[in-house]
Amino acid sequence: MRSWTPCAARSGPSTSKPETDRRASLGEVLDEQARRLAGAGVRESRRQAAALWAWLTGTSVGATWLHRETIPSPEAVGRLAAAVDRRVAGEPLPYVVGRAGFRTLELDVDRRVLIPRPETEGLVELVLRWASARGVRGRVADVGTGSGCIALALAVEGKFSEIIATDSSALALDVARANRERIRPPVPIGFRLGHLLEPLGTDRFDVVVSNPPYVSVDEFDALEPSVREYEPRAALASGGGGLAHTRALLEGAASHVVDGGLMAIEIDAERPDATLALALTAGWADVRLERDLFARPRYLLATKESQS
């Protein structure tokens with residue numbers, strides 16, 4: 001027997017759709033996708049669902065929450081579900097949305113480049129402080145630029161005359177160039193292809209800065225899947241117990257740094273003493289370790305002694 005609910009008299013048949021045909025509001029859609037993310041172990045699932053929607057629609061996360069009562073189109077809901085599928089599979093959020101924040105910048109990123117980390121923002125800060133304190137406005141070399149995050153941040157925030165950025169990956173340099181063209185920094189940035197310091201030739205710089213690979217081969221294999229399976233291995237793993245790239249930089253950079261110039265490297269917080277010993281053995285003066293925002297020894301700064 002079919003149930004019936006009394007209602008006011010009508011002149012004709014009802015034109016309302018059954019409850020099962022009602023389209024979900026944006027808030028309901030976001031709640032559903034957040035549950036999917038949480039079920040896959042994704043942290044801050046509600047924030048990530050909103051971030052994905054904001055990216056897909058070109059709006060802000062704040063606007064997304066303010067318009068939770070609106071009814072999104074089925075096409076937009078489908079695109080959100082597809083993006084959530086990628087996150088549920090383990091793909092990092094910056095790769096799904098194609099963007100990553102770095103200091104004052106929004107950078108294009110994909111699987112050709114390492115996702116910029118907050119720790120690397122601290123490396124930029126140390127270089128800017130050093131240059132400002134000494135009135136340095138010369139040239140900078142960013143070795144292993146990846147997305148171009150260090151070079152672009154220094155170009156936008158610093159007062160340098162030129163920045164040369166190198167990388168051993170032509171694909172990474174394509175991403176960095178695209179970021180340069182979109183951001184259009186006030187300082188010229190040149191890109192050179194090649195391993196570590198080789199593309200610098202005989203050029204000399206006031207600052208050589210680098211975030212080299214410093215994860216050992218064994219450590220790379222133990223990284224969480226979202227890093228190990230998606231981010232470029234060449235940008236993370238280094239031989240020699242994680243120190244091969246750092247050793248090569250410390251041993252070779254002196255010939256590319258002017259007297260009194262700076263070498264600034266992001267390092268493995270688990271191997272600060274070994275890294276410090278490498279710098280001292282390579283003959284760098286005024287070597288010191290600096291800590292990151294989590295109070296871990298994360299940066300090595302060294303100046304080149306004047307030859308006069």
Side-chain angles (χ1 to χ4, degrees), residues 1-121 147 149 152 175 178-179 181-183 223-231 293:
M1 178 177 177
R2 203 164 52 178
S3 62
W4 177 78
T5 303
C7 61
R10 294 183 293 260
S11 59
S14 170
T15 58
S16 63
K17 292 184 178 181
E19 182 68 21
T20 53
D21 290 343
R22 184 182 68 82
R23 282 166 50 190
S25 69
L26 175 57
E28 292 169 328
V29 169
L30 292 174
D31 288 343
E32 177 188 356
Q33 298 305 327
R35 285 192 292 270
R36 292 183 59 208
L37 291 168
V42 176
R43 291 176 292 183
E44 298 184 309
S45 58
R46 288 173 61 82
R47 182 187 66 81
Q48 292 212 22
L52 287 170
W53 180 263
W55 162 70
L56 286 167
T57 57
T59 58
S60 68
V61 173
T64 296
W65 291 120
L66 288 173
H67 295 91
R68 287 174 60 84
E69 301 305 316
T70 61
I71 306 299
S73 70
E75 293 78 13
V77 173
R79 292 198 303 273
L80 176 63
V84 170
D85 286 343
R86 294 169 64 182
R87 286 294 292 127
V88 167
E91 188 171 355
L93 180 64
Y95 287 161
V96 176
V97 304
R99 287 286 176 91
F102 187 80
R103 292 184 67 88
T104 65
L105 306 175
E106 282 289 324
L107 299 168
D108 292 338
V109 295
D110 57 34
R111 295 180 66 173
R112 292 173 290 178
V113 296
L114 190 71
I115 298 169
R117 273 30 177 209
E119 291 88 338
T120 307
E121 295 187 20
S147 64
C149 60
L152 284 161
V175 176
N179 279 319
E181 294 309 305
R182 186 172 57 79
I183 293 170
L223 291 174
E224 59 183 85
S226 64
V227 177
R228 184 182 68 246
E229 296 176 7
Y230 288 92
E231 299 198 62
L293 68 168

Please walk me through it: do R46 and L30 pass side-chain contact (heavy atoms from CB on, under 4.5 Å)?
CA-CA 7 Å; R46 288 173 61 82; L30 292 174; over 6 Å; no
For a quick test of reading the model, state the closest non-hydrogen atom pair linking [X] to [Y] and the distance between them.
X: E231; Y: I115; answer: OE1-N, 2.9 Å
X: Y230; Y: Y95; answer: O-CE1, 3.8 Å
X: V29; Y: A24; answer: CG2-CB, 4.0 Å
X: T70; Y: H67; answer: OG1-O, 2.7 Å
X: Q48; Y: L37; answer: CB-CD1, 4.2 Å
X: E121; Y: G101; answer: OE2-O, 4.2 Å

Thinking salt bridges, do R43 and E224 make one under a 4.0 Å N-O criterion?
no
Do D108 and S147 make a side-chain contact, defined as non-hydrogen atoms from C-beta onward lying under 4.5 Å apart?
no
Within-4.5 Å side-chain heavy-atom neighbours: V175 and V109
no
To the nearest 0.5 Å, how far apart are [atom1] in [X] and [atom2] in [Y]?
X: D85; Y: E91; atom1: CG; atom2: CD; value: 11.0 Å
X: T64; Y: L26; atom1: OG1; atom2: CG; value: 6.5 Å
X: L152; Y: R182; atom1: CG; atom2: CZ; value: 9.0 Å

Step by step, work out the side-chain contact (heavy atoms from CB on, under 4.5 Å) result for W53 and V61.
CA-CA 8 Å; W53 180 263; V61 173; over 6 Å; no
Main-chain N/O of [Y] paired to [X] side chain as donor or acceptor, under 3.5 Å:
X: E28; Y: S25; result: yes
X: R86; Y: V97; result: no
X: R36; Y: V84; result: no
X: S45; Y: V42; result: no

Derivation and outcome, side-chain contact (heavy atoms from CB on, under 4.5 Å), residues V113 and L107:
CA-CA 11 Å; V113 296; L107 299 168; over 6 Å; no
Test salt bridge (Lys or Arg N to Asp or Glu O under 4.0 Å) on R87 and E44; report intermediate values, then the result.
CA-CA 12 Å; R87 286 294 292 127; E44 298 184 309; over 6 Å; no
Going through the distances and angles, do D31 and R68 end up as a salt bridge (Lys or Arg N to Asp or Glu O under 4.0 Å)?
CA-CA 10 Å; D31 288 343; R68 287 174 60 84; 3.5 Å; yes
Show the numbers, then the answer: is there a side-chain contact (heavy atoms from CB on, under 4.5 Å) between L52 and L93?
CA-CA 8 Å; L52 287 170; L93 180 64; 3.6 Å; yes
Above 12 or not: heavy atoms from other molecules or residues under 6.0 Å from CD of E69?
no
